[in-house]
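One-based numbering along the sequence shown.
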Amino acid sequence: MNVTLVRKEIRRPNYRYAGFVVVADEKGQEYRLPLVGTIAQWLEEGETYELELDDPHSITFESYRLSRQGLPIWPPFEREYTHARRAPVSGDVLYEYQLLVREARYERDYEAIVELEQYHYASDEEILAEWYCEECGRYQEANTRPVCEQCGKPMRFHDLKSATRASRFIVMELLSGAAYEPRYLGYVRADPPIPLMNRRLPDGSIQKNIRQRVFPPEWFAHPFFPRAHKEEGENKSWWELQEEALRDARSPVSRLARVVVHPDYRVDGLGQRAVLALFDWLRERWVPEMRVEKEAVETIAMMARYNPFMEKVGFVYLWDTGSGRPVLYYPLSERARKYIERFLSEDPVAREHGGRLYRPRFDARPPLGGPIELRDVQKFYTNRLTVDELSEPVRRLLEAFGVRYRVIQKYVIRRATATFAPGTVNVFIGGSGSGKTTLLRVLYGALAGLEDALYRPDGGEVRVPKNARVQALLPEEIEPSFGEDPIAEVLYRITGDESLAVEILNYAGISDAVLYRAPYRELSTGQKERARLAYLLAHRPNVILVDEFVAHLDTPTALRVARRLATLAREQGITLFLVLHRQEVIPALEPDGVYVVGYGTFFPLDEVPERGLKVREPYATWIVQGKKRWEIRKHPTRVRGRVGIISRGKLIGTVEITGVKGPFTPEELAEHQEKHRAGEAFLRSYAQGKPLYAWELANPRELPEPRPIRGRSGQQMWVRLRETGVGEGDD
């Protein structure tokens, strides 16, 4: 039905999230429609609107639709988005964000905005919001909901100090996050364009009203510009002056005044996603004033010099304001695009920069001049245990267990051989104490030219290119030194470039400008891990070694950091060696090689033998763990070399068949029970009066995770693994 706006009911204290408009139909029937004041204040009394009611007798926030000449006004903008993050090489989806982007309409939305605003790059206010006490009628500034100092009751949100009445907000909610993840990931604020804009030229001179030289002057003829009246005796409040400015403001240009994303999620492109949602909002609703179709978006952002995400979504740099702040535009219409292109082609200064502001600075090249090679590398440790230096009570305690003097010797790495190509991502996995850190030490020693025995192999050799520039992180052994200075200051001293310091912090997953000024000791455990990665990158190495990579990050953050580092490494030709304890991170890295380090063994995880041997439990597990060295069968075998061990339909490891002994009787085999682990009664039952043979086994390797076999079921003893295929997860 067609209705006419009769009046607006907006209270200053809660106008952001409450309000009413009263409309009347052609018969004079009035309807009181609940909506938010930030929308109601733009509507004009006496204007005609289209109204759809679900129930005329019960009108709620959700039960009606209001529009003007096809332009939706209520309910507010709301749209779901899927934001997929893809693997750096294959492009496969690693994980997705299910997002709800909607115009702020509830008090809780604005509380979340206040919290997020503290992360904003340009936030120069210590106290960000004003609150109102409904009991006492007083206002108070605070960053979280305060209790009224006068009556002791919780206060209500009033407004952001940095915003005007013309400001409108959309919030971005996470629909599919874990329980510990934040609900609100970010917000965007849209305003009318600023009233006046001048341009500073490279020589320092100023061009007045630069926008009218590029776009039609009428685009900026009716700005939101509250002006104080000077008539005698007139003294209007700021609230009233803004009310007057709202009546006339209109422009086909909207201004992106704020885009704030939770700092832990910025590395995943959610800032770009939020801005793209803003474009949808502007096209659909013509915000903020809903009077003129939008043709362009204006933004003024000093941080655009240090972060490229504005340009990544299509903003084009045009000029600096008179105060030296960069101005960028996004064309929503073809007409605006042509104006921008003409300016870039005709203006001599704009031709020089070509519409680009941000220039990447990170460069780790040249990459390694050749591969890193391990050739029969061996490393063993000798520990001498004594009780001589212990107190008498502790000595008695240990001696009660038979511990006095002992020499423990063991191989940590045995004959490791591998070739790592330049620019590859390599992951080492294995159990605690299996030798992963030792392998990193040996690699680091060769790359850094160390002579300390701790970093040198006890046998074999490590061949490295001469141009290696290595950085390593081995917790509690080789770590960055930040001292008491802010982390941005430390990186600036290393790089000599403040923009590069910020770029590197972003690469490492620290995108909160508030943290740039924090000393290392003030960071959380997860932030410290990311700061250490930034420290390594700041030296611009072509080889990076990291032990316990992302060990202290929650899974979503670990995936984000892993994906970003792997992408950077491939773009820059950096060779990565990462020790992982969390295999769920491997897909985000898409490593060129995953290597299993296991108490002397070293082999590629994807090394699949041609054949697989079916063995029942517990014998299969004993074989891959090295506890069973003979496999008893009724026939000899000609098979030699490495074969897979299959148990219950899964490849659980591999072993080498080195030879065959026999024939044996069950009685003869009983004398070698420690080799085959079978009882004499079982051997008699299995032999059924025929001779038995012992297949000799060596060099077992147990896979960290069993891998399903996609072959035919049945009683066959051997399986052709390369023909049937080996999976990567549970059945």
Work out which heavy atom in [X] is nearest to a heavy atom in [Y]; give both atom names and the distance.
X	Y	answer
Ala468	Leu447	CB-CD2, 3.7 Å
Ala472	Ile478	O-CG2, 3.6 Å
Ile652	Ser647	CD1-CB, 4.0 Å
Leu683	Ala678	CD2-CB, 4.0 Å
Gly369	Asn467	N-OD1, 2.8 Å

Checklist entry - Is the Phe420-Phe577 ring centre distance short of 6.0 angstrom? => result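 Under 6.0 Å, so yes.
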Item to check | Ring center gap for Phe602 and Tyr595 short of 6.0 angstrom | outcome: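 Yes; Tyr595 has its ring centre under 6.0 Å from that of Phe602.
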Next on the checklist: Show, in sequence, the C-alpha distance, side-chain angles and deciding distance for Arg582 and Thr555, and conclude whether the side chain to side chain donor-acceptor pair (under 3.5 Å) test is met.
Outcome noted: CA-CA 9 Å; Arg582 303 168 59 182; Thr555 297; 3.0 Å; yes
Flag side-chain contact, heavy atom, 4.5 Å: [X] against [Y]:
X	Y	value
Ile646	Leu613	no
Leu533	Val561	yes
Ile429	Val597	no
Lys614	Val719	yes
Arg530	Leu553	yes
Thr567	Glu571	yes
Glu96	Arg85	no
Leu580	Val550	yes

Checklist entry - Which of parallel (below 30°), tilted (30 to 60°) and perpendicular (above 60°) describes His672 and Trp630? => result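 Tilted.
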Checklist entry - Tyr455 vs Tyr444 aromatic rings, parallel, tilted or perpendicular, using cut-offs 30° and 60°? => result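 Perpendicular.
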Next on the checklist: Filter on salt bridge (Lys or Arg N to Asp or Glu O under 4.0 Å), then keep only pairs touching residues 423-441, sequence neighbours left out; what's left?
Outcome noted: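 Passing the test, one end in residues 423-441: Arg441-Glu477.
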Next on the checklist: I need the full list of salt bridge (Lys or Arg N to Asp or Glu O under 4.0 Å) pairs touching residues 535-560, with sequence neighbours left out, sorted by first then second residue.
Outcome noted: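 Matches after skipping sequence neighbours: none remain.
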Is it true that a side-chain atom of [X] and a backbone atom of [Y] form a donor plus acceptor pair closer than 3.5 Å?
X	Y	answer
Glu503	Leu500	no
Arg456	Asp452	no
Asn699	Glu656	no
Glu373	Thr419	no
Gln527	Ile510	no
Thr621	Pro618	no
Asp592	Val425	yes
Ser499	Tyr306	no
Arg677	Tyr619	no
Arg415	Asp376	no

[atom1]-[atom2] distance between [X] and [Y], expressed to the nearest 0.5 angstrom:
X	Y	atom1	atom2	answer
Tyr358	Lys312	OH	NZ	7.5 Å
Leu578	Ile544	CG	CD1	8.5 Å
Ile574	Leu536	CD1	CG	10.0 Å
Trp718	Thr637	CH2	OG1	5.0 Å
Ser434	Glu702	OG	CD	11.5 Å
Arg640	Ile657	CZ	CD1	7.5 Å

Checklist entry - Which residues pass the side-chain hydrogen bond (donor to acceptor under 3.5 Å, both in side chains) test with Tyr81, sequence neighbours left out? => result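 Tyr81 satisfies side-chain hydrogen bond (donor to acceptor under 3.5 Å, both in side chains) with Asp280 once adjacent residues are dropped.
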Item to check | Partners passing side-chain hydrogen bond (donor to acceptor under 3.5 Å, both in side chains) against Gln625 (at least two apart in sequence or in another chain) | outcome: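 If we apply the side-chain hydrogen bond (donor to acceptor under 3.5 Å, both in side chains) test to Gln625, skipping adjacent residues, the hits are Lys627.
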Next on the checklist: Tell me which pairs pass ring pair (Phe, Tyr, Trp, His ring centres under 6.0 Å) where either residue lies in residues 469-493, with sequence neighbours left out.
Outcome noted: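 Listed once each, the pairs are Phe482-Tyr520, Phe482-Tyr535.
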Checklist entry - Salt-bridged, Arg563 to Asp268, with N to O below 4.0 Å? => result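 Salt bridge flag = yes for Asp268 with Arg563.
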Next on the checklist: Evaluate Arg629 against Glu696 for salt bridge (charged side-chain N to carboxylate O under 4.0 Å, His left out), listing each step before the verdict.
Outcome noted: CA-CA 6 Å; Arg629 291 172 289 153; Glu696 295 180 290; over 6 Å; no
Checklist entry - Within 45° of the six-membered ring axis of Tyr686 and under 6.0 Å from that ring's centre, is NZ or CZ of Lys634 located there? => result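 Flagged: Lys634 positioned over aromatic ring of Tyr686.
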Next on the checklist: Would you say CD of Glu476 has more than 12 non-hydrogen atoms from neighbouring residues, nucleotides or ligands within 6.0 angstrom?
Outcome noted: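 Atom CD in Glu476 is not crowded, with 12 or fewer foreign heavy atoms closer than 6.0 Å.
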Item to check | side-chain contact (heavy atoms from CB on, under 4.5 Å) against Ala538, all qualifying residues, sequence neighbours excluded | outcome: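 With neighbours one apart ignored, the set is Leu491, Ile494, Thr495, Ile504.
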